[in-house]
Amino acid sequence: MGVDLSDLVEDVKAEINLAELRGKKVSIDAYNAIYQFLTAIRQPDGTPLIDSQGKITSHLSGIFYRTINLMENGIIPIYVFDGKPPELKSAELQRRKKIKEEAEKKLEKAKEEGKTTELKKYSQMATRLTNEMADEGKKLLKSMGIPIVEAPSEGEAESAYINAIGLSFATASQDYDSLLFGAKNLIRNLTITGKRKLPNKDIYVEIKPERIELEPLLKKLGITREQLIDIAILIGTDYDPSGIKGIGPKTAYRLIKKYGRIEKIIEANEIPKNSIDFDINQIRQLFLNPNVKKPEENLDLQNPEEQEIIEILVNQHNFNEERVKSALERLNKAIKETKGLSRQTGLDQWF
DNA sequence: CTGCTGTA
DNA sequence: TACAGCAGG
């Protein structure tokens, strides 16, 4: 989970048409995307898609079809994979692990009792993204000719950095953390089909892609990125998951506007000093100067290796060959058109 | 989440 | 053609 800044971005977020992204590169936090596929691509009883060996394949289905859809819309995704998480994230990762272990227990119980709604809920909560799944995703994307980047640390930070130095038009993520990391242009809800299921309910709502630009956001709020980061720290980030008790986005914003920075808020006795049991400066640095690198990887599209894709999806994971082949036709057509787009604009960079 | 099929 | 409902692996 990232920090919840939804209340603060309300006024600057704008719905966008996918057409606006035609011919543009978009960097994507791969873990974020894969995790969504793992939780969403399931049967009504909560079982994920699996191959004949019982191995989960939901992530491969999601990556494959979503990527082709993006390409058909002229959008070139750059998938950014996580490296080693920062030390400061270990408490949060531990917390998530514990939640999953509890969900696994409840899942077993629900199985025994045959409660289907519980079954679905807990199997989603128990979802784990393994290194093997990430590796399979990388391999599939490579064979599709899609650029991938291996981040030194957090994928979301690297994706934001790629955007900040102009190697992508936008960064796509569900979390707002990208903005804290300095992304200029954040796109949320980057999906093609507009319907999405509400959590734990069988209701579908229309979801449209939206854009939030960092500079207009800061201008509108009348604060600096440093101050936005302080707001996030007060609310709670992955590095201080519980934040300050009783402080949400609105209060955090008000306090930062009034006092400028967290230390001053403490001095003014607006929050108890002992409510901060973490190193503020260390967290600030993780957002302001994250461990990122200029990608050495080639960020241009390559030609897809069809045989390799069929080997992975059909031979190894029991995807339907005809479905895969028809999707590959769409991919090839999309690549031709996208290359045509770049020729028309006379640029070899796809902007 | 996304693709595909059946229905009007 | 458009869209609901189910299947995918």
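Quantities reported herein were computed from a predicted structural model and do not represent experimental measurements.
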Return the set of residues passing salt bridge (Lys or Arg N to Asp or Glu O under 4.0 Å) with A:R188 (not counting sequence neighbours), or none when no residue passes. A:E210
Contacts of A:Q227 that satisfy side chain to side chain contact (heavy atoms under 4.5 Å, CB included) - sequence neighbours left out: A:I223, A:T224, A:I256
Separation of A:I68 atom CD1 from B:dT2 atom P, in whole Å? 12 Å
Expected output is a numbered-order residue list: members of residues 313-332 of chain A with a heavy atom under 4.0 Å from any atom of DNA chain B. What is it? A:R323, A:S326, A:R330
For A:E104, all residues meeting salt bridge (Lys or Arg N to Asp or Glu O under 4.0 Å), sequence neighbours excluded: A:R128
Atom CZ of A:R66 and atom P of C:dG8: how far apart are they, to the nearest Å? 21 Å
Those residues at least two apart in sequence (or on a different chain) that pass side-chain hydrogen bond (donor to acceptor under 3.5 Å, both in side chains) with A:S159 are A:S27, A:T171
Table please: side-chain donor-acceptor pairs of residues 71-83 of chain A below 3.5 Å, with sequence neighbours left out.
unit_1: A:E72; atom_1: OE1; unit_2: A:R330; atom_2: NE; d: 3.2
unit_1: A:E72; atom_1: OE1; unit_2: A:R330; atom_2: NH2; d: 2.9
unit_1: A:E72; atom_1: OE2; unit_2: A:R330; atom_2: NE; d: 3.2
unit_1: A:N73; atom_1: ND2; unit_2: A:N69; atom_2: O; d: 2.8
unit_1: A:Y79; atom_1: OH; unit_2: A:T67; atom_2: OG1; d: 2.7
unit_1: A:D82; atom_1: OD1; unit_2: A:G155; atom_2: N; d: 2.7

Under 3.5 Å, is there a donor-acceptor pair between the side chain of A:D230 and the main chain of A:R261? no
Hey, could you give me each pair passing salt bridge (charged side-chain N to carboxylate O under 4.0 Å, His left out) that has a residue in residues 48-57 of chain A? Not counting sequence neighbours. A:K55-A:E132, A:K55-A:E136
Value for OH (A:Y239) from CG (A:L88), rounded to nearest 0.5 Å, stands at 8.0 Å
Residues in contact with DNA chain C, drawn from residues 49-57 of chain A - heavy-atom cutoff 4.0 Å: A:L49, A:I50, A:T57
Whole-Å distance separating the CD1 atom of A:I63 from the C1' atom of C:dG9: 15 Å
Between the side chain of A:T251 and the main-chain N/O of A:I247, is any donor-acceptor distance below 3.5 Å? no
Rounded distance in Å - CD (A:Q43) to P (B:dC1): 16 Å
Check side-chain hydrogen bond (donor to acceptor under 3.5 Å, both in side chains) between A:S153 and all other residues, then give those that pass, not counting sequence neighbours. none
A:D45 CG to C:dC6 P, in whole Å, measures 14 Å
At 4.0 Å (heavy atoms only), tell me whether A:P48 reaches a base, stays on the sugar-phosphate, or touches nothing. base
I need the CG-P distance between A:L70 and B:dC1, as an integer number of Å. 13 Å
Any side-chain donor near an acceptor of the partner, A:S6 and A:D4, under 3.5 Å: yes
Salt-bridge criterion met for A:E263 and A:R284 (N-O under 4.0 Å): yes
Could you pull out the protein-nucleic contacts involving nucleotides 1-3 of chain C (nitrogen or oxygen on both sides, under 3.5 Å)?
none

Distances for protein N or O near nucleotides 5-7 of chain B N or O, under 3.5 Å:
none

Taking the hydrophobic residues Ile, Leu, Val, Met, Phe, Trp and Tyr, and joining any pair whose side-chain heavy atoms are under 4.5 Å apart, which ones share a cluster with A:I99? A:L107, A:L119, A:Y122, A:M125
Could you tell me the separation between the NE2 atom of A:H59 and the P atom of B:dT2, rounded to a whole number of Å? 16 Å
Round to a whole Å and report the spacing from CZ of A:F64 to P of B:dC4. 10 Å
Between A:S173 and A:D29, is any side-chain donor less than 3.5 angstrom from a side-chain acceptor? no
